[in-house]
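Please read the structure below before turning to the comments.
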Amino acid sequence: MTKPAEPTAWPVKIATAPVNFGIYSARDPFISAAEYARIAVDCGYEGTDLGPLGYLDEVLAPPGPALAGGWHDLRFGQEQGFADDLSALEGTARLLHANNRFPDMSSFAPKPTLACPPSGPLDAAGWGLLVRQAYRAASRCRDHGLEPVFHHHLDTSIETPDDIDRLLELTELELCLDTGHLIAAGGDPLATLRRWGDRVRQVHVKDARPDGTFCRLGDGALDLEAFLEALRALAYEGWIVVEQDAPDGGQDLGGIIGDLRHNRAVLSALGL
């Protein structure tokens with residue numbers, strides 16, 4: 001097993017994620033958590049996203065990769081649905097805190113990654129409710145010594161650049177900037193970084209073709225070198241999570257590992 005890449009002068013760490021293997025459920029996963037952790041470290045990644053709850057439990061302690069964050073859907077803009085999801089957020093935050101290898105609230109402490117489930121646009125009342133709910137969700141995470149980030153996502157209420165602008169203008173939430181989802185939604189990662197760089201507290205680096213298909217780094221529309229230069233100029237500090245969502249069936253393990261190595265090599269060539 002090779003060691004992860006040595007830290008660079010720029011204080012960032014590189015993580016992978018179970019989605020890169022098409023693992024979206026802890027039930028009957030494509031590969032075991034132990035095998036996932038071994039591959040992640042062998043390919044040079046220092047950390048990992050949590051993935052589906054229950055999947056990585058057995059490898060959250062060293063020498064497995066450190067936790068960069070953990071996804072949690074909340075039905076923002078709804079009353080009862082949000083209340084149920086907020087209660088469940090306690091479990092996610094508690095797990096992230098228990099497996100945090102860094103000081104609380106530091107740049108590298110795992111970020112609760114808040115998002116909407118598949119959903120449509122919010123009306124005025126829904127946006128008003130979201131503002132109040134965002135405060136409650138953030139407070140719940142901070143009670144556990146963690147700073148949350150919000151992840152914009154295709155086919156949800158917070159999808160487009162305009163949605164992101166409105167979210168950040170109306171709330172105190174920090175942003176998880178996902179380059180692939182932004183490109184697929186018609187946005188420009190560099191433009192969003194210029195506008196909201198001071199609110200970006202986690203980055204998901206993902207490439208996408210013009211038709212919205214996610215692909216390995218260098219095969220899509222993302223100008224990765226320019227994006228990283230802009231991120232560095234902003235003195236960003238924290239995790240860069242490399243994602244290339246795979247289908248949840250018929251996975252080719254050799255191809256996935258090849259893409260993991262390719263993506264890590266691309267970043268290494270750019271000084272990370």
Side-chain angles (χ1 to χ4, degrees), residues 15 17-19 21-29 33 36 47-61 64-102 104-105 109-122 125-159 163-164 167 170-176 178 181 201-202 204 239 241 243 245 248:
V19 297
F21 292 78
I23 298 170
Y24 303 96
S25 169
R27 187 172 63 183
D28 192 26
Y36 168 85
T48 181
D49 185 77
L50 179 62
L53 288 175
Y55 174 55
L56 290 182
D57 289 7
E58 66 185 82
V59 297
L60 292 178
L67 271 180
W71 187 278
H72 192 92
D73 280 337
L74 292 142
R75 282 167 281 182
F76 287 100
Q78 300 180 30
E79 291 280 7
Q80 187 56 54
F82 178 82
D84 293 342
D85 297 336
L86 184 66
S87 178
L89 178 61
E90 282 284 345
T92 299
R94 191 177 299 113
L95 185 150
L96 293 176
H97 183 262
N99 294 281
N100 178 21
R101 302 184 195 175
F102 306 94
D104 285 358
M105 305 296 279
K111 301 288 190 292
T113 310
L114 312 181
C116 299
S119 50
L122 295 171
W127 276 103
L129 190 54
L130 180 147
V131 172
R132 299 190 294 276
Q133 292 169 338
Y135 176 82
R136 294 174 62 195
S139 295
R140 196 66 61 93
C141 295
R142 291 170 187 149
D143 287 345
H144 293 274
L146 303 171
E147 184 64 33
V149 289
F150 192 96
H151 188 296
H152 56 98
H153 199 283
L154 290 173
D155 300 320
T156 73
S157 301
I158 312 298
E159 175 184 33
D163 295 332
I164 295 170
L167 173 79
L170 293 176
T171 74
E172 60 172 8
L173 289 172
E174 307 285 9
L175 183 66
C176 174
D178 186 303
H181 277 278
R201 291 293 177 268
Q202 192 166 75
H204 287 185
W239 287 100
V241 183
E243 291 189 341
D245 300 9
D248 60 1

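Remember, it's a predicted structure, so these values are computed and weren't measured experimentally. Along the sequence shown, the residues carry numbers beginning at 1.
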(request) Not counting sequence neighbours, which residues clear ring-ring contact (aromatic ring centres under 6.0 Å, His included) with H144? List them please. (result) none
(message) So, taking the atom named CG in L114 and the one named NE2 in H72, what distance separates them when rounded to the nearest 0.5 Å?
(response) 8.0 Å
(message) Looking at every non-hydrogen atom in both residues, tell me the closest pair between A138 and P148 and how far apart they are.
(response) CA-CG, 3.8 Å
(message) Can you list everything that forms a side-chain hydrogen bond (donor to acceptor under 3.5 Å, both in side chains) with T171? Sequence neighbours excluded, please.
(response) none
(message) Would you say that more than 12 heavy atoms from the other residues, nucleotides or ligands in this model lie under 6.0 Å from the CZ of R101, or not?
(response) yes
(message) Is any side-chain heavy atom of W239 closer than 4.5 Å to one of C176?
(response) no
(message) The criterion is side-chain hydrogen bond (donor to acceptor under 3.5 Å, both in side chains); which residues satisfy it with T48, sequence neighbours excluded?
(response) Y36
Taking distance alone, no hydrogens or angles, what donor-acceptor pairs closer than 3.5 Å link side-chain atoms of residues 126-135 to residues at least two apart or in another chain?
residue	atom	partner	partner atom	Å
R132	NH1	G128	O	3.3
Q133	OE1	G77	N	2.7
Q133	NE2	Q78	O	2.6

(request) Could you pull out all residues at least two apart from P121 that satisfy side chain to side chain contact (heavy atoms under 4.5 Å, CB included)? (result) none
(request) Identify, with sequence neighbours excluded, every residue that meets side chain to side chain contact (heavy atoms under 4.5 Å, CB included) alongside D155. (result) E159
(request) Tell me, please, which residues at least two apart from R142 pass side-chain hydrogen bond (donor to acceptor under 3.5 Å, both in side chains). (result) E147, E172
(request) Could you list the residues that satisfy ring-ring contact (aromatic ring centres under 6.0 Å, His included) with H181, not counting sequence neighbours? (result) H151, H153, F214
(request) Mind checking the CG-NZ spacing from L50 to K111? Nearest 0.5 Å is all I need. (result) 14.5 Å
(message) Which residues pass the side chain to side chain contact (heavy atoms under 4.5 Å, CB included) test with A33, not counting sequence neighbours?
(response) Y55, L56, E58, V59
(request) With sequence neighbours left out, write down each residue that passes salt bridge (charged side-chain N to carboxylate O under 4.0 Å, His left out) with D178, or none if nothing qualifies. (result) K206
(message) If I take atom CG from residue L95 and atom CG from residue N100, how far apart are they, to the nearest 0.5 angstrom?
(response) 11.5 Å
(request) Return the set of residues passing ring-ring contact (aromatic ring centres under 6.0 Å, His included) with F82 (not counting sequence neighbours), or none when no residue passes. (result) F76
(message) Once salt bridge (charged side-chain N to carboxylate O under 4.0 Å, His left out) is applied, what residue pairs with a partner in residues 68-79 remain, sequence neighbours excluded?
(response) R75-D85
(request) Work out which heavy atom in A68 is nearest to a heavy atom in A15; give both atom names and the distance. (result) CB-CB, 4.0 Å
